[in-house]
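A short worksheet on the structure shown next.
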Amino acid sequence: MSKVKSAVLLVLATIIIAVLCAMCSASFPIPNSVNEYHSVVSIIAKDSTLGGGYYVTYYPEGVISAEEYVANSNAFGSDTEAKEKYQAKYVSYGTGAIYLEKETVFDEEANEVSESFKEDFDAAATAVRERYEAQHIAGVKVEVCDDYTIRVFLPDLLESPSTTLAFFSYTGEFSVAYGSESDKVIEADRRNTINDYVKGVSARTVQDTSYVVIHFTDLGREAIKEATSAAAEEAGTLYVMVGDNAVISLPVSSQIDQNDPYISGNYTAETSNTVAVLLDNAVNGTQTDLKLTAGDARYLEAQWGENTMLFVYIGLGAFALLSALFFFVRYRALGFAHLYAYLLYLPSMALCLAFISFLHLSVGGVAAIVLSSVLMCVSNASVFEAAKKEYALGKTMVSSVKTGYKKCFWQIFDIHIALALAAVLTFAIALTELQVAAFVFLLGVIFSGVCVLGVTRLMWASMMSLSKKKEAFCNFKRGEDYDDE
Amino acid sequence: MSKRVQTAKLLPVWVAISAVVILAGAILLGLLGFNYGADVPSSKRFEVTYDTVVTIGEDTEEQLQKLCEDTFADNGLVVIEKHVYTMTGGGAVEYVFAGDADMDALEAAKTAVETALTDEDGIYADADTSVSFHEVERQYFTEATWRGAIAIAVGAVVALVYVGVRFGVGKALAGLIGAVHDSLFTLAVVVICRIPVFGYAPVLFAAFAMFISLMLWGFVCAKMRTNFKDPAYVGLSAAEAVEESRVSALRPVLGVVVVTALAFALLGGLATAGMRYFFLPALIPVAVGTYSSLVLVPAIYAQFKKVSDRIAAKRKRYDYGKGKKSDKTETA
């Protein structure tokens, strides 16, 4: 490579890397504007431990919080009789954090929570857990609080968490109505269960349009076909319900005669998935009629503390610094070739994490970044060592570099391919945290391969051609056996 | 060269160590399960909710938190986690205690905080506050765990099919045993040492053990491929050849191990408590990977190579497959 070409390439690479690093790390107000530029790193979605999320408590029918009990009691003001009457309807439970309505929850004779309520609550808690589990979101937590309330933590990764939190509190049987919500077309009765009409519900997204797909059986298809037979003459609305809640309201202007109708609306991939999970759970999951009411949502900053991300960046920075230090000490100026490759690798990872929609930063993701960084550092070191060995044997610098890469190419290639294959398969099969970590690792392995076999070599060639003393540039020495005469 | 055949000779010892650890881990897993202490699966939570009077006041939230924390200290309660929430019209602070925290102490703390908050001369006199404490039981999801286990197994098998094509069947089989061993051994150590983990951490540890195992075995395989082509290796027995290659692979393997351990130790040491719960135990798969790629798997592979060398020699003797390299799979 000629000196001019090398210089141009180096300047270009330096500018690109500097711009990428600035884009990724610096946030600043845009001059003469009210807007602010947010760094790539700051817009990377984070899971609940590194980011934050929403907590909501679901109260079953007949259970209220102590706060609500006090507020309702105080609302009676000076009307002592009404206040006492209200208070007599409730009894404090457990730690005193919740109040149970005697009429609904209590077995008056045994003076304890009725067995039927306990069973209903267990079923409701199981149904809620099944729904959140089926949504496959990393970091979701479901907890039973004070024996008879359900606390749900939803990480700040969703576009519309309120939809999920509200929809997943719906309980009751799956039914389909046409015309009005009370005109049931499909519902479980003495002769047929709901599974005789509906096999399940799923979500699909095709070309940015998301659908909820209801999989009817032949019996279900017939029922819908018959109910909507006059829709061409008089349009009506088809309601897909869970308990008393209309989850889908579909205007119908022609007869529906399909086993798997695709229902679109203003769904995003996320909301269609939420609706499908809810409906599928009502059809195939744990059945419960216990009504749940969602309390006020609370927002929690990073679960592990607000400084967690800062310390992660410090840790990653310290690692990058130490690895660079190793290369500079062992290979002197050749360390720049590694540094350039590493500084290209890091922003590439950050850009992917920020702009690939299903990716977010999590503990597993950070570990995956570290592991792929290690792979890159060790691969670079292997090549440098191979070239050093060749040079010590008496080859020219250019020939040493060429032979070093030639000797290490298949080793590096094979390890990268094997790891990428493992990561792809893990990503395809696993769910939530491991799935994300596997994809981050896959990206890391790809970037590591490209950086080691492409960027480092290019940087090495261009930097070395500008150097007068190539031996000193790489800190390579001739072996003792070598005789240059 | 012949002096270095200890690793292969000691194979029964390595297998016994691994079997004992994995078996003990499996039994303890069945009896006690993982120690999900880092997740606080069963906890008591003390909560104070308040309105905007507290949130807009200067340092009022901090003073309220200090009041709570002083009260807990007075009552001998140890806080595990603290969460500060924002909500419409106010906020809340929640303190997490262990599941076996003393109820009487919590009750006393609740009364003390309530008294301080309702004091007419206090800074919270005009605020609408509520104090309560709760018993919380975490519900665990299982689908992600079993899907993760299948994913790790399938990922390892497919990666090692590639290793089989590129390096030979023996190395792939040994690598597969190594990857499965590393994942199980890591989990066993986590269970036996009762290391506190998060709900999803065991799956991540198992996956990282598999990735690290693949990476390290990849370096050893690459070294073997180069070395076995060397004429100096022709006269060596399988155990000797593997041992020599194992020793020559020490540098890249230890390179990966030291750098990974350094990075995990940095993140674990510098980061907040939650990160520490992940990154310090994450050193286990690194250590297990080192043991298996440098000790156990080469010893297993030496046995495979011994068999394949014997078959190759037999083929050569009877001149099977004329013109073919009879030991192609193992020496490629």
Side-chain angles (χ1 to χ4, degrees), chain A residues 49 55 66-67 94-97 125 129 133 141-146 151 296-301 303-305 307-308 311-312 314-315 318-319 322-323 363-364 366-367 370-371 373-375 377-378 381-382 411 414-415 417-419 421-423 425-426 429-434 437-438 441, chain B residues 49 83-88 92 103 106 130 132-139 141 143-144 147-148 150-152 154-156 158-160 162-163 166-167 200 203-204 207-208 210-212 214-215 218-219 222 226 252 255-256 259-260 262-264 266-267 270-275 278-279 282:
Chain A
T49 52
Y55 255 116
E67 215 175 335
T95 61
R129 198 197 69 221
E133 183 169 16
K141 281 186 192 173
V142 176
E143 297 165 327
V144 170
C145 189
D146 299 317
R151 266 169 62 121
D296 292 335
R298 297 169 177 188
Y299 184 74
L300 174 69
E301 292 286 338
Q303 220 174 338
W304 287 348
N307 292 325
T308 310
F311 284 113
V312 168
I314 291 173
F319 169 70
L322 283 175
S323 72
V363 182
V366 173
V370 168
L371 214 56
S373 298
V374 170
L375 180 65
C377 292
V378 174
S382 297
Q411 169 189 332
D414 287 336
I415 292 170
I417 293 290
L419 288 173
L421 279 173
L425 266 294
T426 308
I429 299 169
L431 296 173
T432 61
E433 283 88 356
L434 181 56
F441 187 59
Chain B
T49 55
H83 302 144
V84 181
Y85 299 99
T86 47
M87 50 201 276
T88 313
M103 290 289 268
L106 281 165
S130 168
S132 59
F133 65 97
H134 308 266
E135 288 179 286
V136 178
E137 282 291 333
R138 175 91 184 263
Q139 309 284 296
F141 299 154
E143 192 188 356
R147 285 269 298 257
I150 293 173
I152 293 164
V154 174
V158 172
L160 287 155
Y162 178 80
V163 171
R166 296 284 302 142
F167 297 97
Y200 57 83
V203 180
L204 284 180
F208 282 112
M210 183 265 284
F211 287 135
I212 292 168
L214 282 177
M215 202 193 294
F219 279 107
T226 316
V256 173
V259 181
T260 312
L262 177 77
F264 283 180
L266 268 173
L267 280 163
L270 287 174
T272 50
M275 296 293 277
F278 182 82
F279 280 104

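The basis for the numbers below is simple: all heavy atoms, side chains too, and nothing from hydrogens, waters or symmetry mates. Lettering of chains follows the sequences in order, A, B, ..., and the numbering in each one begins at 1.
- Smallest separation of non-hydrogen atoms from A263(B) and F319(A): CB-CD1, 3.5 Å.
- Note that CG of L419(A) and CD1 of I212(B) are 10.5 Å apart. Values are rounded to the nearest 0.5 Å.
- The minimum heavy-atom distance between L267(B) and V312(A), with the atom names listed, is CD2-O, 3.7 Å.
- Chosen from A318(A), A367(A), G364(A), the residue pairing most often with chain B at heavy-atom distances under 4.5 Å is A367(A).
- Listed here is the closest heavy atom pair of V374(A) and V256(B): CG1-O, 3.7 Å.
- Between V144(A) and Q139(B) there is a side-chain heavy-atom pair separated by less than 4.5 Å.
- Proximity to chain A (any heavy atom under 4.5 Å) is shown, for A282(B), by neither the backbone nor the side chain.
- Contacts of Y200(B) with chain A are made by side-chain atoms alone, with heavy-atom separations under 4.5 Å and no backbone atom involved.
- Side chain of T426(A) to backbone of G155(B): no donor-acceptor contact under 3.5 angstrom is found.
- When heavy atoms are compared at a cutoff of 4.5 Å, T49(B) approaches chain A solely by way of its side chain, counted from C-beta outward.
- Within the 4.5 angstrom heavy-atom criterion, atoms from both the backbone and the side chain of R129(A) approach chain B.
- Among L214(B), L262(B), T260(B), the residue with the largest count of heavy-atom pairs under 4.5 Å with chain A is T260(B).
- Ranked by heavy-atom pairs under 4.5 Å with chain B, the first of V363(A), T308(A), L421(A), I429(A) is I429(A).
- Here A97(A) is the residue among A437(A), A97(A), A297(A) with the most heavy-atom pairs under 4.5 Å with chain B.
- Of all heavy-atom pairs between A159(B) and A422(A), the closest is CB-CB, 3.9 Å.
- Nearest approach of H83(B) to L300(A), heavy atoms of both residues: CB-CD1, 3.5 Å.
- When heavy atoms are compared at a cutoff of 4.5 Å, S382(A) approaches chain B solely by way of its side chain, counted from C-beta outward.
- Considering CG of D296(A) and CE of M87(B), their distance stands at 5.5 Å, rounded to 0.5 Å.
- Inter-residue side-chain proximity for F279(B) and V366(A) is flagged as met; some heavy-atom pair is nearer than 4.5 Å.
- The CG atom of D414(A) sits 4.0 Å away from the CZ atom of F167(B) when rounded to the nearest 0.5 Å.
- In this structure the side chain of T226(B) never reaches within 4.5 angstrom of the side chain of Q411(A), judged on heavy atoms.
- When heavy atoms are compared at a cutoff of 4.5 Å, S130(B) approaches chain A solely by way of its side chain, counted from C-beta outward.
- Taking the six-membered ring where tryptophan is involved, the planes of Y85(B) and Y55(A) are perpendicular, since the angle between them exceeds 60° and thus also 30°.
- You'll find the side chain of L322(A) reaches within 4.5 Å of the side chain of L266(B), heavy atoms only.
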Go through the steps for E433(A) and V203(B) under the test side-chain contact (heavy atoms from CB on, under 4.5 Å), then give the verdict. CA-CA 9 Å; E433(A) 283 88 356; V203(B) 180; over 6 Å; no
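- For V163(B), the part lying near chain A is the side chain, with the backbone staying farther off; criterion is any non-hydrogen pair under 4.5 Å.
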So M103(B) and T95(A), side-chain contact (heavy atoms from CB on, under 4.5 Å) or not? Walk me through it. CA-CA 8 Å; M103(B) 290 289 268; T95(A) 61; 3.7 Å; yes
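- Of the two parts of F219(B), the backbone and the side chain both hold a non-hydrogen atom closer than 4.5 Å to a non-hydrogen atom of chain A.
- Using a 4.5 Å cut-off between heavy atoms, V370(A) contacts chain B through its side chain alone, with no backbone atom that close.
- With respect to chain B, the highest number of heavy-atom pairs below 4.5 Å among G96(A), A438(A), C145(A), G94(A) belongs to C145(A).
- When A66(A), S323(A), A430(A) are compared by the number of non-hydrogen pairs under 4.5 Å with chain B, A430(A) comes out ahead.
- Heavy-atom distances place no part of A125(A) under 4.5 Å from chain B, backbone and side chain included.
- Rounded to the nearest 0.5 Å, atoms CZ (R166(B)) and CD1 (I417(A)) are 9.5 Å apart.
- Across all non-hydrogen atoms, the minimal contact from A144(B) to T432(A) is CB-OG1, 3.8 Å.
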